[in-house]
Amino acid sequence: MTEHASAEAETHTHFIHEIINGDLASGKHTTVITRFPPEPNGYLHIGHAKSICLNFGTAVKYGGRCHLRFDDTNPAKEEVEYVESIQEDIRWLGFDWGDHLYFASDYFQPLYDYAVSLIKQGKAYVDDLTPEQIREYRGNLKQPGKNSPFRERPIAENLDLFERMKNGEFDEGSRILRAKIDMASPNMNLRDPAIYRIKKAHHHRTGDTWNIYPMYDYAHGLSDAIEGITHSICTLEFEDHRPLYDWFLDNLDVPCHPQQIEFARLNLTQTIMSKRYFLRLVNEGHVSGWDDPRMPTLRGMRRRGYPAAALRTLCEKVGVAKSNSIVELAFLESCVRDQLNQTALRRMAVLDPIKLVITNYPEGQFETFEADNNPEDPEAGTRPVLFGRELYIERSDFMEVPPKKFFRLAPGQEVRLKHTYYVTCQEVVKDENGEIVELRCSYDPLSRGGGTEDGRKVRGTLHWVSAAHAQPAEVRLYEPLFPENPDSEKDFAEQLNPNSLKTIQAWVEPALAEGQPGDLFQFLRNGYFCMDADSEPGKPVFNRTIGLVDSWAKMQKNQGSPA
RNA sequence: AGGGGUGUCGCCAAGUGGUAAGGCAGCGGAUUUUGAUUCCGCCAUUCCUAGGUUCAAAUCCUAGCUCCCCUGCCA
């Protein structure tokens, strides 16, 4: 709906936009260029979504642009597979980088030249210390570090050694290029940080042409400057890297000096957002893969049925600030429900069936009713639903001995079957175990369409499917991977919810058999469901994206445990 | 005396010296052919704490405290 689209477009202001407003007003900048710089070493998750929305959203807001730049400076960890999937996920989220797709590896030559310049200025040197020695010399949080014996190496020697590092003459770990800053700095990042290390690994783009690769701190700021980025937005943990970011730009002849600005990343309750953890979930078989609907990856959420718009709304509503925060899962869920309520087509499906026979309805007779596809959206139209003598209704919609305020079916109680007729339960049929197997009801022909002229009140309206027409479907019911907030002190595997996935067989109305994977539906009174890619012709599979708000369940729960 | 951040309702978060927005959650109630949606009402005399400045402080000053991040040849 347009109302929603505009609500999404009107972005709240926050400290980053205030900085930009100031830069635009002062004339420091006339345009805004941001970048989203993922390392292609894993799949994107909901945490990345916040950064994507911020960077791309800022570009859209100011009529500037946002570059997608892969930070591929560590060939040992990166794979092409991820550069593909990351692009796919960003597009799905709804953002576009136009022609501005870049790779840090595109700048390996200029980056190398900049390093040579640093050496020539006496601001970088080749260190022969071992990794262990470097760690020792670095000191610690309380103690200052001490200078490497190689720190005052002559410039010519540094130049020669660095070139030979590049040419592959030395072993990995034997030498390193360092910036000459201050070994006594209270900021550990300034204690002569590494700029280049030797790595004889095959790079997914540059192949075997390089034997040395630049470090993040060095490559990132310079890549920003090369691309003319105006505002380099990153997360809080890089706050004390900023002096180093600025140091490189201040000491080199670069086209411009972007401003690094840090914000708090998005965290969610009941989930863990780390690649290491994702890997374990997948490898130990707790989930089916990176796109398992329980995963907080964008692929997982997509498969679960979370609309991209809902994720965008969440990021917008959560805001941008600098305090560490953990957003409740319920916040995300409300964004998902809100979006789905407006867009999902309504269908009827019975997850736990009990047969209902209308004794005074002619055998072999069927009627067709037109049912609206979405009461929130008249444009969505209608679809025919078939009604007959034998139906399935939800087992939980009947109680033999109902409590007060139970508006559903019970002996002698009348309810409305959605879109069709009123029925009254006359008889309960049980098997030898006392299990209810069938409800025998009468219907009121005058209630056709779901109302009567006498205006009598019927409080309950039930969903149903025609036993003769219903199609079987596999339905996967999900719960959070963690029942509570994971305790990082304990092993997460012990904290996993054993019931995070429950697979059942349901009966669905025929219209559902024709869906496509990815189609989103509201199963009336049951929740939102997304057709899964595992579906086959005649064998649909649905993931429950999320249930509907259930105030009846809440009322019962509150009564069950009076506080 | 390491350094850098942060602290406003259960969870996010506005607020930038003029007397505490909004959203989520929760709680009431109305409407309802989804116990959904929608709607209406309630929900911080108080802003980490203690002092101080001021006619006036969440906002300014002082001193504490909390939590987070930093000792990869990861990003």
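Lettering of chains follows the sequences in order, A, B, ..., and the numbering in each one begins at 1. Every value quoted in this text rests on a predicted model; they were computed, and no experiment measured them.
Residue A:Phe238 is in base contact, counting any heavy-atom pair closer than 4.0 Å across all strands shown. Residue-level contact check: A:Asn341 touches the backbone only, with heavy atoms under 4.0 Å from sugar-phosphate atoms and none from bases. Residue A:Val320 is classed as a sugar-phosphate contact, given heavy-atom separations below 4.0 Å to backbone atoms only. Heavy atoms of A:His220 sit nowhere under 4.0 angstrom from any nucleic acid atom. Residue A:Tyr528 is out of contact with every strand shown, counting any heavy-atom pair closer than 4.0 Å. Within the nucleic acid shown, A:Glu18 comes within 4.0 Å of at least one base atom, counting heavy atoms only. Residue contacts for A:Pro375: at a heavy-atom cut-off of 4.0 Å it reaches a base atom on one of the strands shown. Looking at heavy-atom distances under 4.0 Å, A:Thr130 makes contact with a base. Within the 4.0 angstrom heavy-atom criterion, base atoms lie near A:Ile134. Contact annotation for A:Leu129: base contact, defined as any heavy-atom pair under 4.0 Å involving a base atom. Note on A:Arg178: nothing from the nucleic acid sits closer than 4.0 angstrom, heavy atoms only. No contact: A:Gly319 has no heavy atom under 4.0 Å from any strand. Within 4.0 Å (heavy atoms only), A:Lys199 reaches sugar-phosphate atoms of the nucleic acid but no base atom. At the heavy-atom level, A:Ser185 lies nowhere under 4.0 Å from the strands shown.
Here B:C39 sits opposite B:G29 as a Watson-Crick or G-U wobble pair (both hydrogen-bonding atom distances under 3.5 Å). B:U16 is unpaired under the criterion used here, namely a Watson-Crick or G-U wobble arrangement in which both key atom distances are under 3.5 Å. Pair check for B:G10 finds B:C24; Watson-Crick or G-U wobble, both atom distances under 3.5 Å. Under the Watson-Crick and G-U wobble criteria, each requiring two contacts below 3.5 Å, nucleotide B:A56 is left unpaired. Of all nucleotides present, only B:U49 satisfies the Watson-Crick or G-U wobble test against B:A63, with each distance under 3.5 Å.
The shortest distance between the side-chain N/O atoms of A:Arg138 and the OP1/OP2 oxygens of B:C73 is below 4.0 Å. In this structure, A:Thr461 does not reach the B:U32 phosphate: none of its side-chain N or O atoms is under 4.0 Å from OP1 or OP2. Side-chain N/O atoms of A:Arg525 include one lying less than 4.0 angstrom from OP1 or OP2 on B:G35. The phosphate of B:C74 (OP1 or OP2) has a side-chain N or O of A:Arg197 nearer than 4.0 angstrom. A sub-4.0 Å separation between OP1 or OP2 of B:A36 and a side-chain N or O of A:Ser551 is present.
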Protein-nucleic acid N or O pairs under 3.5 Å, nucleotides 5-8 of chain B:
residue	atom	partner	partner atom	Å
B:G5	O2'	A:Glu239	OE1	3.2

Taking only N/O atoms, report every protein-nucleotides 27-30 of chain B pair under 3.5 Å with atom names and distance.
residue	atom	partner	partner atom	Å
B:C27	OP1	A:Asn558	ND2	3.1

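Considering only the side chain of A:Phe331, B:C24 comes nearest among B:U34, B:A13, B:C24. Residue A:Met215 has its side chain nearest to B:C73 when only B:U34, B:C12, B:C73 are considered. Checking B:C70, B:C74, B:G23 against every side-chain atom of A:Asp240, the shortest atom distance belongs to B:C70. Closest approach to the A:Ser334 side chain among B:C70, B:C24, B:U37 is made by B:C24 (side chain taken as heavy atoms from C-beta onward). Of the candidates B:G72, B:C12, B:U38, the closest approach to any side-chain atom of A:Asp338 belongs to B:U38. Proximity note for A:His241 (side chain, C-beta onward) versus B:G2, B:G23, B:A75: the nearest is B:A75.
With hydrogens and angles disregarded, a donor-acceptor distance shorter than 3.5 Å links the side chain of A:Ser274 to the backbone of A:Tyr277. Checked by atom type and distance alone, the side chain of A:Asp72 pairs as donor or acceptor with a backbone atom of A:Ala104 at under 3.5 Å. Proximity of a side-chain donor or acceptor of A:Arg337 to a complementary backbone N or O of A:Gly547 within less than 3.5 Å is detected.
Under the rule for a salt bridge (Lys or Arg N to Asp or Glu O under 4.0 Å), A:Glu479 has no partner lying at least two apart in sequence or in another chain. Contacts of A:Arg135 classified as side chain to side chain donor-acceptor pair (under 3.5 Å), with partners at least two apart in sequence or in another chain: none. In this view, A:Pro480 and A:Gln270, A:Leu329 satisfy the side-chain contact (heavy atoms from CB on, under 4.5 Å) rule, not counting sequence neighbours. Considering only residues two or more places apart in sequence or on other chains, A:Val126 meets the side-chain contact (heavy atoms from CB on, under 4.5 Å) condition with A:Asp128, A:Arg153, A:Asn158, A:Leu161, A:Phe162, A:Met165, A:Arg175, A:Leu177.
Rounded to the nearest 0.5 angstrom, A:Phe407 CZ and A:Arg416 CZ are separated by 13.0 Å.
Judged by atom type and distance alone, A:Asp550 does not reach the base of B:G35 through any side-chain donor-acceptor pair under 3.5 Å. Taking 3.5 Å as the limit, the base of B:U34 and the side chain of A:Gln522 contain a donor-acceptor pair of atoms between them. Applying the 3.5 Å distance criterion, the base of B:U37 shares no donor-acceptor pair with the side chain of A:Arg337.
With rounding to whole Å, A:Phe70 atom CZ is found 21 Å from B:C74 atom P. Summarising the geometry, the separation between NZ on A:Lys50 and P on B:A13 is reported as 7 Å, rounded to the nearest angstrom. For the pair A:His463 NE2 and B:U34 P, the interatomic distance rounds to 13 Å; values are reported in whole Å.
Taking the P atom of each, B:A44 and B:G22 are spaced 12 Å apart, rounded to whole Å.
Counting heavy atoms from C-beta on, the side chains of A:Phe103 and A:Arg69 never come closer than 4.5 Å.
Checked against the 6.0 Å centroid threshold, A:Tyr213 and A:Phe108 count as a close aromatic pair. No close placement of the A:Phe369 and A:His419 rings is indicated, their centers lying 6.0 Å or farther apart.
Ring-to-base geometry does not place A:Tyr216 in a stacked arrangement with B:A75 (centre distance under 5.5 Å, plane angle under 30° required).
Paired with A:His463 under the rule side chain to side chain donor-acceptor pair (under 3.5 Å), one option of A:Lys418, A:Arg346, A:Arg525 passes, and it is A:Arg525.
B:G15: glycosidic angle beyond 90° from 0, hence anti.
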